[in-house]
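Everything below concerns the one structure shown next.
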Amino acid sequence: MTILVTGGAGFIGSNFVLDWFAQGAGPVINLDKLTYAGNPANLHALKDNPEHVFVHGDICDRELVRSLLERHAPRAIVHFAAESHVDRSIHGPGDFVQTNILGTFTLLEEVRSWLEKQAPSRREDFRFLHVSTDEVFGSLAPHDPPFKESTPFAPNSPYAASKAAADHLVRAYHHTYGLPTLTVNCSNNYGPYQFPEKLIPLMILNAITHKPLPVYGEGGNVRDWLYVQDHCTAIRRVLERGRVGESYNVGGYNQKTNLEVVNAICALLDEARPNRKSPHSMLISFVKDRPGHDRRYAMDATKIAIQLEWTPSESFDSGLRKTVAWYLDNPDWVAHVTSGAYRQWIEKNYAKRGEA
Ligand code: NAD
Ligand code: DAU
């Protein structure tokens, strides 16, 4: 019943692993390179759980992947490991090509040759679930219909292009070799354990430390926000009931402009941490836009709703409230991840941005 999770010390991966154990779903081998985004502290609750085996390693390491497959004979791989931040992909796309494309290729190749040696029943039951993004579909104009699974790929950032390449490889390994693959393409996640380079945690942490809130451009770009635990539920559902070879769009039905999101965070902080002098929204600062910034993402998640009976359970208001509370309640986690290299990233991404 063991599954192999890649990237299970990152934001979504660690939420998924914690949820998996909360469901009593079985043993997990957790393979993670522990880049800046991977954090063993996210998995602290599992430290005495013998069913959670953490392996510090790289998905690009063929021998390691091979030995894990041979030793643990997992029934599935849930593949989260990736370089995930668009701004970092603009500053340095090399790591994105390496991990997101070549890493996925390595996993697919090793799974293919390992599965060939397995009994037909194990081959039939095995699943390779690839976690991908709505960004592979490109950008929508304000009144365009949301992305469907059949929307042609048009990735715009190096990150999105690397994920699109990985999605194509996964598709090809099913089509050519019959690998039992599943893909989920999900919209923007938010919630506990998200590294504060991403919009929501960055704004919460800047606001509570009275730093400027750097909104790119005019703040009119739209994202479709999904609470991370809803994404975890969707992944479990696809793993259990998804049709092999198919992809499923997952979204939150919560389209918001960035300015709406930042104002909502400020309003929650005005309640939880009132600032005597001025509301938190006074910290909003419009800065130079992200190059090639996608205007709008929105997901049509009808397929997963109808075929697999999954819909999100958290509203944006309730999810954001929980998220803000989590960051306020976990100052040690915050202090750990915002030391050292984090400061260098903030300097690199924001110092030369100036005003919009
Ligand atoms: P994250 O950056 O928080 O975590 C990525 C994890 O992968 C980290 O633990 C890191 O150490 C690990 N990792 C990176 N390179 C590795 C390598 N070569 N070998 C092994 N481990 C490696 O990312 P996230 O936000 O949790 O995203 C997880 C997945 O979900 C990614 O594939 C991402 O593309 C996808 N996704 C994310 C979102 C989102 O809003 N965050 C939305 C849709 C899809
Ligand atoms: O859509 C799914 C994707 O969502 C995932 O595939 C990515 O891994 C994940 O990082 C996320 O990408 P985005 O680029 O949409 O997320 P980010 O949090 O970086 O930015 C969200 C929006 O906020 C985007 O329009 C850019 C804007 N932004 C971001 C930052 C960090 C700002 O205005 N200011 C900021 O400082």
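Atoms within each ligand, like the ligands themselves, are counted from 1 in listed order.
Ligand 2 is never approached by K163 to a heavy-atom distance shorter than 4.0 Å.
Residue M203 places no N or O, backbone or side chain, under 3.5 Å from any N or O of ligand 2. At a 3.5 angstrom cut-off on N or O pairs, Q194 does not count as close to ligand 1.
Between atom 13 (P) of ligand 2 and the options E135, E83, K198, the minimum heavy-atom separation is to E135. The closest heavy-atom contact to atom 43 (C) of ligand 1, among the options P40, C60, C186, comes from C186. Across T6, T133, I12, heavy-atom proximity to atom 38 (C) of ligand 1 is greatest for I12.
For atom 27 (C) of ligand 2, the closest non-hydrogen atom on the protein side is N258 ND2, 3.4 Å. Among protein heavy atoms, the minimum distance from atom 25 (O) of ligand 2 is reached at H293 NE2, 2.7 Å. Among protein heavy atoms, atom 1 (O) of ligand 2 sits closest to D134 OD1, 2.5 Å. Shortest contact from atom 18 (O) of ligand 2 to any protein heavy atom: L199 N, 2.8 Å. Annotation: atom 8 (O) of ligand 2 to nearest protein heavy atom, S84 O, 2.7 Å. In terms of protein heavy-atom proximity, atom 11 (C) of ligand 2 is nearest to N188 ND2, 3.4 Å. Nearest to atom 34 (N) of ligand 2 among the protein's heavy atoms is P214 O, 2.8 Å. Nearest protein neighbour of atom 29 (C) of ligand 2, counting heavy atoms only, is Y216 CE1, 3.6 Å.
Annotation: H85 is not in aromatic contact with F195 [ring centroid separation under 6.0 Å not met].
Looking at K163 against ligand 1, only its side chain comes within 4.0 Å, counting heavy atoms. Only the side chain of V86 comes within contact range of ligand 2, with a heavy atom under 4.0 Å; no backbone atom does.
Salt bridge annotation for R88-E83: absent, with no cationic side-chain nitrogen under 4.0 angstrom from a carboxylate oxygen.
The aromatic rings of Y297 and F147 sit tilted relative to each other, their planes meeting at an angle between 30° and 60°.
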